[in-house]
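Remarks on the structure that follows.
Every chain is numbered from 1 and lettered A, B, ... according to where its sequence line falls, protein lines coming before strand lines.
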Amino acid sequence: MSNSRFDVRFDPGQADSRWQAAWDDARCFEADSHSDKPKSYVLEMFPYPSGRIHIGHVRNYTMGDVLARYKKMRGHEVLHPMGWDAFGMPAENAAMEKGVHPAGWTHDNIDTMKRQLKQLGFALDWSREIATCDPEYYGHEQALFLELYKAGLVYRRTSAVNWDPVDMTVLANEQVVDGRGWRSGALVEKRKLNQWFLKITHFAQDLLDGLGNLQNWPEKVRLMQENWIGKSTGLQFAFDLSNGEKLEVYTTRPDTIFGASFVAVAADHPLAQGVASTNCDAAKFIDLCKQGGTTAAELETAEKLGFDTGIGAKHPFTAEYLPVYIANFVLMDYGTGAIMAVPGHDQRDFDFATKYGLPIVRVIAASADQAAAPLTEAEAGDGICVNSGFLDGMSVADAKAEVIKRIEAAESGEGKTVWRLRDWGVSRQRYWGTPIPFIHCDACGVVPVPNDQLPVTLPEDVDFSIPGNPLERHPSWKHADCPTCGKPARRETDTLDTFVNSSWYFLRFASQPADKPFDKAEVAQWLPVEQYIGGIEHAILHLLYARFWTRALAYCGLVEVKEPFASLFTQGMVTHEVYSRRDGPREIYFTPGEVERSSEGAVLKADGQKVDIGKVIKMSKSKKNVVDPEDIIADYGADAVRWFMLSDSPPERDLPWSEAGIEGCGRFVQRLWRLFGQFDGDASGEDKALDRKTHQTVHAVSADIEALSFNKAVARLYELTSALEKTQPSASRNEAIRAILLMVSPMMPHLAEEGWEALGHDGLAAMAAWPEVDPALLVEDEVTIAVQHKGKLRDTLTVAKGLPKEELEALALASEKVQRSIDGAEVRKVIVVPGRLVNIVT
RNA sequence: GCGGGCGUGGCGGAAUUGGUAGACGCCGGGGACUUAAAAUCCCCUGAUCCACGGAUCGUGCGGGUUCGAGUCCCGCCGCCCGCACCA
């Protein structure tokens, strides 16, 4: 029986939009919070609406989509939402550069990108779409901010902040990279401003402890967060100085105190400033410290430099005076900005001491008789104390406790835990963000905007032709009456960091009442997110802030969960070769579309001349090694593009884009279509071997998808397809075709729907059940045994499964090839691994 | 400099976690069909040697453990990512 639907090639141009419309009409991807099915919340990091989607988005959202569709077919109620991280600087930059309004620019981008996402056939619940620039969203955010304020987690303080002279905005310390704005790249200046802060440090210990439970997060992300939080325990104590003052230092190694040979302070430490005021050499040295490279790598490989202040610091136990240096490797904003330096057991101190001829004393050794062993480099490892007076013979841990005890008894210091993590500065002097809902009244001070006056919306008539904050300059917006006394007052003109927007969007996706940010019970239905997928670049800031914000809301009693993301997956980048030509001092780049690539090299289509082939790196506009998703969808269809995103490379690794690869995917789409066409309703009879292959494949593909090992699932599906093409019509074959159609449905949903319909099924393949596995069919009744002689493969045997060891051994020894290899030597030992191999040792 | 990760054919990568290395895809080669092309299908495709039966070598390099190592241990080399000189 032939089915004429399959006589023509599968046409994505027709099928893609038809099925996208069908899914919309059936509203089949809208999540029901009241369903009694098991719930699965699959979430990919929502995009910033920059203009058009890029290939990285396609990879990210395809992975999530396969998981979401798979979960649905497995009978879960799936929440798979999408929205827009819509506040941020690029909109203001566009406003400044092109004279467009940030809102209009953002909404145009959202329209374009939404249309592009729809072309890919993602199973998204668009009814829950969020744009963070929507007053409905940021109004709720203002309400949450006020809740945190009431709970004492919000405060203002005057502090030196990072002022970005290009963006005219303040950056959090964490957002300054190498002394430059992490987005603008402009050199950051220090300015004092009144800022709003969130008390993330209140949760430092809890954020650290929580990492221990995040077993389904990549180890490296947990490690990065741990290091970022940076807990250390040590001793803070004061040295008496020769000039009569005191100097507080912090050390994590009080056990090495007898090895201290000098004291060092940061260039911007008050002591250094004091010395500089009367000593111009010191002032010059401080200036020198502020020059030079600012990246971590540069700083760490830079030569250690110091300036001897001439001041002495009295050692608390030996009463010896140690020289006090100003040093370029001491940081002001960690600990007290001053250290006791122990060259024997800290490499930086060692380098410094070597340069300035200061004593290097061993105070930790593997054993007491190693006390005099010379030090060629600093030894940071464990051991026992030597050359350390009353500490001699103690372990590092005991010595730490002993020193802290004695210093505390002498009341010159105390044991102290120091965190690297600092409170989160959320103030931004920008227009395109969430207005901070406060009013400044001369009489009443800083007053929160009452809830019934929320949202505080942004004014629409703003001027971007001059730099600075348009809210500050707006003729009327900032004038408001004090909610307490009713007198004329001023609105807060700072807006919130956009990381606040992305710190709770996953809650709003789960529950969207009109009158409050979310419903506690409904959030509890969905959270935590079962699988969160996004880029590694958010390993620290976004993920830590989201973890903090969720804890803060739990602290306020608004949610029950503390950890928002149960599993995290960080996907790799999409890469491509770079094509370029040298033009004098400049490198001219060409897009892959402008270049003809062959095995010999690459030529520019326009002039037929060679271009240089560069490294395979992340697709970026500046290097022009990009492909536009919309172009490739038009050429190959959404399913081929999706299939490519899942094939070959493991999802956490980089995926090299290739024209040949996408062509292969396009061919496979047609190959499957032809295979569907071979479904023969009249065929009967069973093919046991094929049944087994089918069920093994379903089993393996299920496990692969659950582990996000899409590349392995793809390989299995290729394998089953090839096996099927070699078989004759039978009931087994029909079942296999049906199974393969359903298995590719999450990956190539349009093809699957078209095939499902053509084969006469009612309803949508997207709503169909995932094929069942019969465990009995997973077991083979025959196995192939490797026969080795002295560990080298000589022969293979195909035998019945479960054959006893003795019989296996006899069969192996009977093998002609094995006998030839043994060549009459004495068999000393035979190792038999049932079901696997026989190894004969002579 | 510190922390983390990775090195497997021409390429992307598999390998049941100590048990037949190279699954699957791409590229390439040969053939079938066709007037021809596209499309499709079949075969070959790690290296070297070969009497065409096979043999030897082979998972960055050098050692080691083991009946057996891509996998475990020690020491190198190279590449990638992150970074905050955190005392």
Any N or O donor-acceptor pair under 3.5 Å from the base of A84(B) to the side chain of R420(A)? yes
Whole Å only: how far is the CD atom of E663(A) from the P atom of U40(B)? 11 Å
Where do N or O atoms of nucleotides 45-55 of chain B meet protein N or O atoms at under 3.5 Å, pair by pair?
none

Given the 90°-from-0 boundary between syn and anti, U17(B) should be labelled syn
Rounded distance (Å) that lies between atom C1' of U20(B) and atom CZ of R836(A): 10 Å
Tell me whether the side-chain N/O atoms of R348(A) come closer than 4.0 Å to OP1 or OP2 in A87(B). no
Less than 4.0 angstrom between a side-chain N/O of N227(A) and OP1 or OP2 of C83(B), yes or no? no
F329(A) meets the ring-ring contact (aromatic ring centres under 6.0 Å, His included) criterion, sequence neighbours left out, with F352(A)
Could you tell me how the ring of F262(A) sits relative to the ring of Y325(A): parallel (under 30°), tilted (30 to 60°) or perpendicular (over 60°)? perpendicular
Stem segments of RNA chain B by first residue number [Watson-Crick or G-U, under 3.5 Å, at least 3]: B:1-7 with B:77-83, B:10-12 with B:24-26, B:28-32 with B:40-44, B:46-49 with B:54-57, B:60-64 with B:72-76
Are the aromatic rings of Y636(A) and W643(A) close, with centres under 6.0 Å apart? no
Using OP1 and OP2 only, check whether a side-chain N or O of K712(A) sits under 4.0 Å from A15(B). yes
E719(A) and K693(A) ion-paired at < 4.0 Å: yes
Along RNA chain B (nearest heavy atom to each residue), the more 5'-positioned of D349(A) and K790(A): K790(A)
Does a side-chain N or O from K829(A) land closer than 4.0 Å to OP1 or OP2 of C67(B), or not? yes
Can you check whether R667(A) has a side-chain N or O nearer than 4.0 Å to OP1 or OP2 of C26(B)? yes
